[in-house]
Amino acid sequence: MYLRYGIPRAIRGLRTNWRANINNVLILAASLGVLGMIVLLYLNIVHFSEAWLSDTTISLFLEPDLDPAARRALFGQVQHHPLVKAAVMVTPQDGLRELAEKLGADHAMLLGAGTEGLPYTIDVTVFLNYRDRIDLLANRFEALTGVADVIYTQRLLEEVKLFFVLLKGIGWFFITLMVLSFFLIVSHATKLSLYARRDEIGILSLVGATRNFICSSFVVEGILIALAGCLLAAGIVWMCYQLLISGFSWNEITQAIKAQTVFFPLPALGAALGAAALLGAMSSHFAVTRLLKELEP
Amino acid sequence: MYLRYGIPRAIRGLRTNWRANINNVLILAASLGVLGMIVLLYLNIVHFSEAWLSDTTISLFLEPDLDPAARRALFGQVQHHPLVKAAVMVTPQDGLRELAEKLGADHAMLLGAGTEGLPYTIDVTVFLNYRDRIDLLANRFEALTGVADVIYTQRLLEEVKLFFVLLKGIGWFFITLMVLSFFLIVSHATKLSLYARRDEIGILSLVGATRNFICSSFVVEGILIALAGCLLAAGIVWMCYQLLISGFSWNEITQAIKAQTVFFPLPALGAALGAAALLGAMSSHFAVTRLLKELEP
Amino acid sequence: MAINIALQGLTKSYLGMLPVLDDVSFNIDEGEFYYLTGVSGAGKTTVFRLLMLMERPDRGTILFGGEDVTRLSPADQALHRRRIGMVFQDYRLLADESIEENVALPLRVAGYRAGKLRGKIEERLEQVGLADRRKDRVMGLSGGEKQLVSIARALAFDPKVFFADEPTGNLDQSMAIRVMELILALHRGGCTVIVATHDLNLIRAFWARTLLIKDRRVHEVRLTEHRSSA
Amino acid sequence: MAINIALQGLTKSYLGMLPVLDDVSFNIDEGEFYYLTGVSGAGKTTVFRLLMLMERPDRGTILFGGEDVTRLSPADQALHRRRIGMVFQDYRLLADESIEENVALPLRVAGYRAGKLRGKIEERLEQVGLADRRKDRVMGLSGGEKQLVSIARALAFDPKVFFADEPTGNLDQSMAIRVMELILALHRGGCTVIVATHDLNLIRAFWARTLLIKDRRVHEVRLTEHRSSA
Ligand SMILES: Nc1ncnc2c1ncn2[C@@H]1O[C@H](COP(=O)(O)OP(=O)(O)OP(=O)(O)O)[C@@H](O)[C@H]1O
Ligand SMILES: Nc1ncnc2c1ncn2[C@@H]1O[C@H](COP(=O)(O)OP(=O)(O)OP(=O)(O)O)[C@@H](O)[C@H]1O
Ligand SMILES: [Mg+2]
Ligand SMILES: [Mg+2]
């Protein structure tokens, strides 16, 4: 019954004050768009940091005097550990070559140094989700007989990791701040546009309309505006995203990045639309109820 | 003359609609605060990336058979190049030790490999502003007689650098977007609060007030609200900044970061206040003028 | 069908001012027609605001059909207002809406269906002479036309109680007479009516019992006093 | 000192409607006093809106002291309005401001200094009987009180031209008489006055020449006609 009055009235209201309402939609879209871009950036940073940090490996340096059978036994033991994703046995020659490659152009120099006395190593990749427990794992491996030394994180990687952790924290902080200010913006815009129509609310109340009846048209309006703003924001974010990643093609690294970027999944977009509609409905309901309280004796 | 009416009227107006005005200030402060935090984050990222990338050095590997005099001549030549900030001569022993330290725990192993046949190196730090021309410089050095090989950037650093360039681009993009949406918010809020007072503007016009007279009180109000919002935002950003960096003390790296973080300089804050006041004045002036145009026959 | 109205020991003052009404009591029987008069600022509108539950009295009770209405819940307040048709001194119309929509408002609020609604509105608009302008927005109407829309709205749903605050102040004489005849017709149908007015000619032309607000009190005055003083 | 007003071949229609005024011409000499009358919706307020430059005519010119005012720049429009005191049918007061501030508004707009201002306002508020309520906000006033504030504002700066649209519609008889006497005093000082009203009693009590709007035209009517028809 309320909707029979509320929907047509809301549509008439939107048409009558179309300029103010377009403004409302735009402002909503702008702030939601910024929020969406920040969340998207955040998602991508998390995604990349996961990918990057998953490179974390443990290198086990074996005792030089270990015989091949013992080596193989040790390798089997390491390989079948539940937290280990993959393990590779590296000969001293390969190890030195890898090291040289890692260091860049000076490999010739290192390779000239000879491999006598250099140990075998086992390079271990750990399952992503257990990266936090890498210390424990490394200690466990170090305790195995036949293992001379264990290296498991390079300092630079550690720094990068820290940087990502910081970025993640700051990201959360920002997203919270923006959600709050977004809420403030929506409820403020609703309040102001209701303030301009408080006469109407007074009149409805005077001809005997109940609170729900009065709310109906405003709630419908709020929902429509919120949905329109949200859809527009999704469009804006999608366009910005395309614009940004289309710029990522100047070399292979950027192209690799481009191939890996993520966008919001559809269910998340749907959930955001639903949340926006709910927010629109709630904030107009709240504002109307408060105005009605003010009008009461 | 306009101000004699405008200022007291503006203050009365602010007092009368104090709730709506506090809301206006809050919403301004929230969006300005987010903007400020993002700019601050951006500044810090740029600052850190500068610091980080300034580590970029060029290593010159000299021919192994170079005699000490030729070495010294070459060193002089490199040291006095206009783009070079500092250069250090590194003996093979020192070089190997440094390398071992860089690689972590396996230094004992490398040190055992002996230093015969290893070359002298010159480590060069380049002036910050010429980092872009590092390729040219490296090529120039490589062409010098007595230089066997030149390494000048590690791959990871290159990636990090790229990452910062991307971050910088995205940062600019965001800041632009946020400034736009901030402008939209301010002008929308002004428009709505004027809309609620369009009767007043009509009445003033009917008793013969000129446009400037009518604008005066609204412009003063706009300026006051913008200033209040801006000051509050500065306070919020300052508090958030303190909150964030106070969290940075769990190890030496974060403490090093903490020591290096930057906050807005005072002149920048002053400029922001001025800009906010101007924006407040302009957007209310604009809104009033448009409302007056609508009222005209 | 109609409802009797009783005020008992009613006192009302606005914030920080002397009381407008002080210990006022009067009784209006079912289906009676009363004028309410008094100088500007005497308190006529205040009486209506109290009866419509737009203000709460400082002291005293208001009885509608024997029921105290001063402490109703919001939902019951809405029901209370639905049985009253009121013409406000400042019209209280939705400026953005058409004449038709404004008149339909109390019917919509009461949950009438579109079909039943149309006939009623048509009839009322014919009676006040605005039928051919039913689609026009209220914003562009003249003062008198707004007053007529406000009257049509108050009459739309055949209220049991009808209040009018200065309903003819912006109408020309012939229109004022037409409106008064509409109100009298409603009254004859059993509705309890109170009309506040300054217009002594109106009272002379359509005789009814008259309440005068003077010195914060409500007195019933005899029409002959007015006649002699005019 | 006063200004003569002339309308020449004035036509005015609102969007998508028949004209309200069609080829209207009349002339009001300096210092004259005219009533403007006509049924509800005849076009009285429209005439004032045209004279105040709130609407542009479709055709025709409006002359104030021989000067065509229909195409003034915004700044000159403001100057034009400053010489006119007008009481609007819907008052047009700043609801949030005090009575005093509302009355002072035209003086402030004209750049009066605070000292000079205070005396004038005081006097006007005394005359309409609101001096002791000068600090009250207009929002809380009764209909009649608002009308009085609006009248005080229009009289505040001794205008050369005075328009009043239904200035006594919400006033009781004695207050209406007081207001008419104030307007007549202003008129005697040389001001050109037009008062729109429905109230034939008012016209009878304070005789003046009368313009009647009928069938989209303005005719001057003789008071005797009114007398006989009343
Ligand atoms: N802004 C407008 N838009 C459309 N129509 C209008 C507008 N203003 C007035 N009208 C119409 O023009 C006609 C004349 O209106 P006007 O207000 O001049 O009448 P009036 O003589 O002052 O009547 P009243 O005595 O009722 O105040 C009316 O029919 C009215 O509906
Ligand atoms: N909301 C309010 N706040 C403060 N004072 C008020 C308020 N409403 C009315 N008053 C005062 O109460 C008194 C009675 O007002 P009311 O509107 O009842 O008079 P009225 O008899 O309707 O007068 P009128 O004939 O002029 O409409 C007036 O002096 C008015 O100023
Ligand atoms: Mg009243
Ligand atoms: Mg009129």
Side-chain angles (χ1 to χ4, degrees), chain C residues 14-18 20 37-46 48-49 55 88-91 95 128-130 132-133 135-137 139-149 165-176 178-179 196-202 204 212-213 226 229-230, chain D residues 14-18 20 37-46 48-49 55 88-91 95 128-130 132-133 135-137 139-149 165-176 178-179 196-202 204 212-213 226 229-230:
Chain C
Y14 292 103
L15 210 74
M17 290 173 51
L18 287 175
V20 176
T37 187
V39 297
S40 286
K44 300 179 292 297
T45 303
T46 301
F48 287 127
R49 288 168 67 84
E55 299 278 353
F88 296 91
Q89 195 171 11
D90 48 1
Y91 319 142
V128 299
L130 288 171
D132 50 336
R133 300 192 62 180
K135 297 285 179 200
D136 288 5
R137 285 216 288 175
M139 210 191 294
L141 297 183
S142 81
E145 287 161 352
K146 280 182 193 161
Q147 200 156 36
L148 290 174
V149 175
D165 195 352
E166 206 74 60
T168 58
N170 275 303
L171 298 180
D172 56 87
Q173 213 164 6
S174 70
M175 206 63 229
R178 239 162 106 183
V179 165
T197 188
H198 291 298
D199 192 346
L200 301 184
N201 291 321
L202 201 75
R204 270 177 224 127
L212 173 71
I213 307 182
H226 280 295
S229 76
Chain D
Y14 291 103
L15 211 74
M17 289 173 53
L18 287 174
V20 176
T37 186
V39 298
S40 285
K44 301 179 291 297
T45 303
T46 301
F48 287 127
R49 287 169 69 84
E55 299 278 353
F88 295 91
Q89 196 172 9
D90 49 0
Y91 320 142
V128 298
L130 289 171
D132 51 336
R133 301 190 62 181
K135 298 284 180 202
D136 287 6
R137 286 215 288 174
M139 210 188 299
L141 296 184
S142 80
E145 287 160 352
K146 280 181 194 161
Q147 201 156 37
L148 290 174
V149 175
D165 195 353
E166 207 74 59
T168 58
N170 275 304
L171 298 181
D172 57 87
Q173 213 165 4
S174 69
M175 206 62 229
R178 236 163 107 184
V179 165
T197 187
H198 291 298
D199 192 346
L200 299 183
N201 292 322
L202 201 74
R204 269 178 224 126
L212 174 71
I213 307 184
H226 279 297
S229 77

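In what follows, chains are A, B, ... by sequence order, proteins preceding strands, each numbered from 1. Just so it is clear, the structure is predicted and the values come from calculations on it, not from any experiment.
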Counting heavy-atom pairs under 4.5 Å to chain D, which of T197(C), T46(C), L171(C) comes out on top? L171(C)
Could you tell me whether a side-chain N or O of H198(C) sits under 3.5 Å from a main-chain N or O of N170(D), the two making a donor and an acceptor? yes
Part of R49(C) within contact of chain D (heavy atom distance under 4.5 Å): neither
Would you mind reporting whether R133(C) and M17(D) have side-chain heavy atoms less than 4.5 Å apart? yes
So which part of N201(C) gets closer than 4.5 Å to some heavy atom of chain D, the side chain, the backbone, both or neither? side chain
Looking at K44(C), E145(C), E166(C), Q147(C), which has the largest count of heavy-atom pairs under 4.5 Å with chain D? E166(C)
Pairwise distance OH(Y91(D)) to CG(D90(C)) - rounded to 0.5 angstrom: 8.5 Å
Per-residue tally against chain D (heavy atom, under 4.5 Å) across D199(C), V39(C), L148(C) peaks at V39(C)
Ranking S40(D), G38(D), S174(D), G143(D) by heavy-atom pairs under 4.5 Å to chain C gives rank one to S40(D)
Compare all side-chain heavy atoms of S142(C) with those of T45(D) and state whether any distance is below 4.5 angstrom. no
